[in-house]
J.: 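Please read through the structure below; I'll follow up with questions.
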Amino acid sequence: MAQINDNYLKLKAGYLFPEIGRRVRAFAAENPTAKVIRLGIGDVTRPLAPAVIKAFHDAVDDLAGIDHFAGYGPEQGYDWLINAIIEKSYKPLGVELKTEEMFISDGSKCDCANILDIFALENVVAIGDPVYPVYNDTNVMIGRTGEADEKGYYENIVYLPCTEENGFIPALPTGKVDIIYLCFPNNPTGTVAGREELTKWVEYALANDAVIFFDAAYEAFITDPEIPHSIYEIEGAKQCAIEFRSFSKTAGFTGVRCGLVVVPEGVMGTTGTGERYSFNKLWLRRTTTKFNGASYPVQRAAAAVYSEEGWAQTKEVIDYYMENARIIREGLQEAGFTIFGGMNAPYIWLKTPGGLTSWEFFDKLLNECNVVGTPGSGFGPSGEGYFRLSAFGHRENVVEAVERIRKNFK
Ligand SMILES: *Cc1c(COP(=O)(O)O)cnc(C)c1O
C-alpha cells in the first residue's frame with residue numbers, strides 16, 4: 001500500500017478561517033437581521049483597473065486568431081513583462097536586475113512554498129511569530145520540523161517573536177540560522193522596516209552565509225519615501241536575498257493569479273562537497289521542469305499595470321485602501337484603542353482592550369458591533385492579545401464598522 005507523507009499529520013488543522021466562519025454563521029443564524037461587516041480576510045474588493053481589463057480582453061482576442069495565437073510561453077515568464085517590471089518597479093529604486101534574475105509565476109503563495117525545493121532539509125530556518133502561516137506550514141510539509149509543542153511551535157524551527165517591545169520587528173537570532181523569512185510591510189502586524197533594520201538583517205545574512213526570503217507582497221502600500229520597497233535597496237542584499245512579489249494586493253489579482261520571484265545570480269549556497277553554487281541556476285531548473293508558465297492573458301494583464309494609465313489607475317485603488325486604513329486607524333485611536341500598523345500597510349493591528357484574549361475580543365466585536373476581524377493568536381503564539389483588521393473592504397462598510405466600534409467602546 002502506498003505510504004503517505006506523514007509530515008502532513010504534524011500540521012495543526014486549518015483552524016483560523018474555518019473557525020471564524022463557524023462563529024459568524026452561528027451568530028447570523030441567531031441574529032438574522034444583523035448586518036455583519038467583514039474586515040477579516042485579506043482579500044481585495046475593488047475591480048481590476050480599466051487598462052488591465054483592456055489588456056486582458058485584447059490578449060484573449062489574440063488567442064482567438066491565427067496571427068497572434070500564443071501557446072506555451074517561456075516557463076520563467078515573458079521578457080516583455082519581466083523587463084517592464086524591472087524598468088518601472090526596480091530601476092527607480094536604484095536597483096539593477098537582469099532579465100534572467102526574475103521569474104514570473106501564478107502567485108506568491110506558491111513561490112514562497114516552492115522555493116524550499118532548492119534548499120537542503122538540513123538548513124536551519126527562522127520564522128517570525130506572528131506570521132503568514134504559509135512559511136511555517138510548508139516547512140512542516142517537506143519534513144524540516146519535528147512535532148509541534150502545546151503552544152504551536154514546531155521542533156527544529158527558530159521562532160523570532162515580534163512583540164510590542166521590539167516594535168514587531170524581530171531581533172536577530174542568537175545562534176546561526178541558514179534561512180530567514182522576512183515580510184515587510186508585514187502581514188499580519190502592518191509593521192514596516194526601515195533601511196537601518198533591513199541593513200541589520202542583510203549584514204547578519206552575509207556574515208552567516210544565510211539566505212533571506214523577503215516577502216514584499218505589500219510594497220505597493222508604502223507611501224513614506226524613507227521606507228525601502230525592495231530588500232535590494234540595501235547594499236549586499238543581491239548576495240543574500242530572494243525577493244517575492246505579487247500582483248494580488250498591488251493590482252487586485254487575487255483571483256487572476258500572478259506573482260514573481262527575484263533570485264539574483266549572486267545568491268550562492270554550498271553543495272554537499274563544499275563548492276559554491278548559484279540558487280538562480282537551481283530555480284531556473286526547477287521552474288522549467290515543474291512549471292509551464294503563468295497564462296498568456298494574465299501576463300498581458302500584468303504588463304498593463306506598468307503602462308502609464310494602468311500605473312495611475314492601480315495607484316488610485318491603493319490610495320482608496322490606504323484611506324480605509326486611515327479611517328480605521330484614527331477612528332479606533334479616538335475610541336481609545338492601542339493601534340499599530342495601518343501606515344504604509346493595509347493591516348491594522350490592535351491590542352485587545354482589558355486584557356481580553358484574541359478570541360474573546362473576536363466574540364465581543366461580533367456580538368456587540370457585528371464586525372468580523374481576525375484573532376492575532378491565529379498567526380502564532382505571540383499574536384495572542386492582538387487583533388487584525390484589514391483595510392480591503394468597501395468604504396461604506398469600513399466607515400460604518402468604525403462608527404459602530406466607536407459608539408460601543410467609547
Ligand atoms: C497575500 C499574500 C501573498 C500573496 O499571495 P498570492 O499567492 O500572490 O495571492 C504573499 N505573502 C503574504 C504575506 C500575503 O499576505
Side-chain angles (χ1 to χ4, degrees), residues 12-46 130-133 152 162-164 168 186-191 320-343 345-410:
K12 301 276 167 217
Y15 167 73
L16 180 61
F17 289 107
E19 179 60 18
I20 291 173
R22 197 190 62 76
R23 293 194 193 200
V24 173
R25 277 191 305 278
F27 175 83
E30 278 172 36
N31 305 274
T33 57
K35 186 190 166 223
V36 174
I37 299 178
R38 288 160 210 270
L39 300 181
I41 294 177
D43 196 0
V44 297
T45 55
R46 308 302 293 167
V131 77
Y132 182 53
C162 303
T163 62
E164 198 174 335
F168 303 100
N186 189 262
N187 175 15
T189 67
T191 310
Y320 175 96
Y321 291 135
M322 288 315 289
E323 175 64 8
N324 284 352
R326 188 192 64 77
I327 291 167
I328 299 171
R329 199 181 69 239
E330 292 182 0
L332 268 63
Q333 257 161 354
E334 279 167 32
F337 284 89
T338 306
I339 300 291
F340 306 94
M343 274 149 74
Y347 294 115
I348 288 88
W349 187 243
L350 64 90
K351 196 172 173 137
T352 59
L356 295 178
T357 68
S358 299
W359 278 109
E360 284 166 354
F361 183 71
F362 175 92
D363 288 332
K364 188 173 168 70
L365 201 62
L366 177 58
N367 283 298
E368 295 175 6
C369 305
N370 308 338
V371 171
V372 181
T374 314
S377 55
F379 298 100
S382 297
E384 182 58 277
Y386 293 88
F387 200 77
R388 190 190 78 176
L389 293 174
S390 136
F392 288 126
H394 297 294
R395 175 69 45 79
E396 59 279 16
N397 288 346
V398 166
V399 169
E400 190 177 337
V402 170
E403 207 39 51
R404 289 185 198 166
I405 295 171
R406 281 171 52 156
K407 276 204 193 113
N408 192 69
F409 286 91
K410 74 162 183 261

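Along the sequence shown, residues are numbered consecutively beginning with 1. Every heavy atom of this structure was used, including side-chain atoms; hydrogens, water molecules and symmetry mates were not. No experiment lies behind these values; they were computed from the predicted model shown.
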J.: Out of curiosity, Thr191 OG1 to Asn186 CG, how far, rounded to the nearest 0.5 Å?
T.: 5.5 Å

J.: Going by atom type alone, with no hydrogens or angles, which donor-acceptor pairs under 3.5 Å involve a side-chain atom of residues 332-343 and a protein atom two or more places apart or on another chain?
T.:
from	atom 1	to	atom 2	distance (Å)
Glu334	OE1	Arg406	NH1	2.9
Glu334	OE1	Arg406	NH2	3.4

J.: Phe168 and Cys162: which non-hydrogen atoms are nearest, and at how many Å?
T.: CD2-O, 3.5 Å

J.: Which residue pairs pass the side chain to side chain donor-acceptor pair (under 3.5 Å) test with at least one member in residues 370-383, sequence neighbours excluded?
T.: Asp129-Ser382

J.: How would you list, by chain and number, every residue that makes a salt bridge (charged side-chain N to carboxylate O under 4.0 Å, His left out) with Lys12, sequence neighbours excluded?
T.: none

J.: By salt bridge (charged side-chain N to carboxylate O under 4.0 Å, His left out), which residues pair with Arg326, not counting sequence neighbours?
T.: Glu323, Glu330

J.: Please name all residues satisfying side chain to side chain donor-acceptor pair (under 3.5 Å) with Asp363, sequence neighbours left out, ordered by chain then number.
T.: Arg23

J.: Suppose we screen for side chain to side chain donor-acceptor pair (under 3.5 Å). Which residues come up paired with Thr45, at least two apart in sequence or across chains?
T.: none

J.: Does Ser358 use its side chain to pair, donor to acceptor, with the backbone of Gly385 at less than 3.5 Å?
T.: yes

J.: With sequence neighbours left out, write down each residue that passes ring-ring contact (aromatic ring centres under 6.0 Å, His included) with Phe379, or none if nothing qualifies.
T.: none

J.: Could you work out, with side chain to side chain donor-acceptor pair (under 3.5 Å) as the rule, every residue matching Lys407, not counting sequence neighbours?
T.: none

J.: What's the shortest heavy-atom distance between Asn408 and Cys369, and which atoms?
T.: CB-SG, 3.6 Å

J.: In a check of side chain to side chain contact (heavy atoms under 4.5 Å, CB included) between Leu389 and each of Val402, Ile328, Val372, which one passes?
T.: Ile328

J.: In chain order, what residues pass the side chain to side chain donor-acceptor pair (under 3.5 Å) check against Ser390, with sequence neighbours excluded?
T.: none

J.: Ring pair (Phe, Tyr, Trp, His ring centres under 6.0 Å) with Phe387: which of Tyr347, Trp359, Phe361?
T.: Phe361

J.: Between Trp349 and Pro130, is any pair of side-chain heavy atoms under 4.5 Å apart?
T.: yes

J.: Here's one to test your reading of the geometry: is the NZ or CZ of Arg46 within 45 degrees of the ring axis of Tyr321 and under 6.0 Å from its centre?
T.: no

J.: Tell me, yes or no, whether the heavy-atom count around Arg38 atom CZ, taken from other residues, nucleotides or ligands under 6.0 Å, exceeds 12.
T.: no

J.: Asn324 and side chain to side chain contact (heavy atoms under 4.5 Å, CB included): which single residue from Val398, Leu39, Val399 fits?
T.: Val398

J.: Do you know the tightest heavy-atom contact between Phe409 and Lys364?
T.: CE2-CE, 3.5 Å

J.: Any heavy-atom pair between the side chains of Ile405 and Leu365 that's under 4.5 Å?
T.: yes

J.: Sorted by first residue and then second, give each salt bridge (Lys or Arg N to Asp or Glu O under 4.0 Å) pair with at least one member in residues 370-383; sequence neighbours left out.
T.: none

J.: Residues in salt bridge (charged side-chain N to carboxylate O under 4.0 Å, His left out) with Asp43, at least two apart?
T.: none

J.: Indicate the atoms forming the closest heavy-atom contact of Gly393 with Tyr320, along with that distance.
T.: O-CE2, 3.8 Å

J.: Would the distance check show the side chain of Arg388 and the main-chain N or O of Gly40 forming a donor-acceptor pair, the cut-off being under 3.5 Å?
T.: yes

J.: List the atom of Phe27, the atom of Ala34, and the distance in Å for their closest heavy-atom pair.
T.: CE2-CB, 3.8 Å

J.: Do Ile327 and Glu403 have side chains that approach each other closer than 4.5 Å (heavy atoms only, starting at C-beta)?
T.: no

J.: Locate the shortest heavy-atom distance separating Gly373 from Phe362; write the atom from each residue and the value.
T.: O-CE1, 3.3 Å

J.: According to salt bridge (charged side-chain N to carboxylate O under 4.0 Å, His left out), who are the partners of Arg404, at least two apart in sequence or on a separate chain?
T.: Glu400

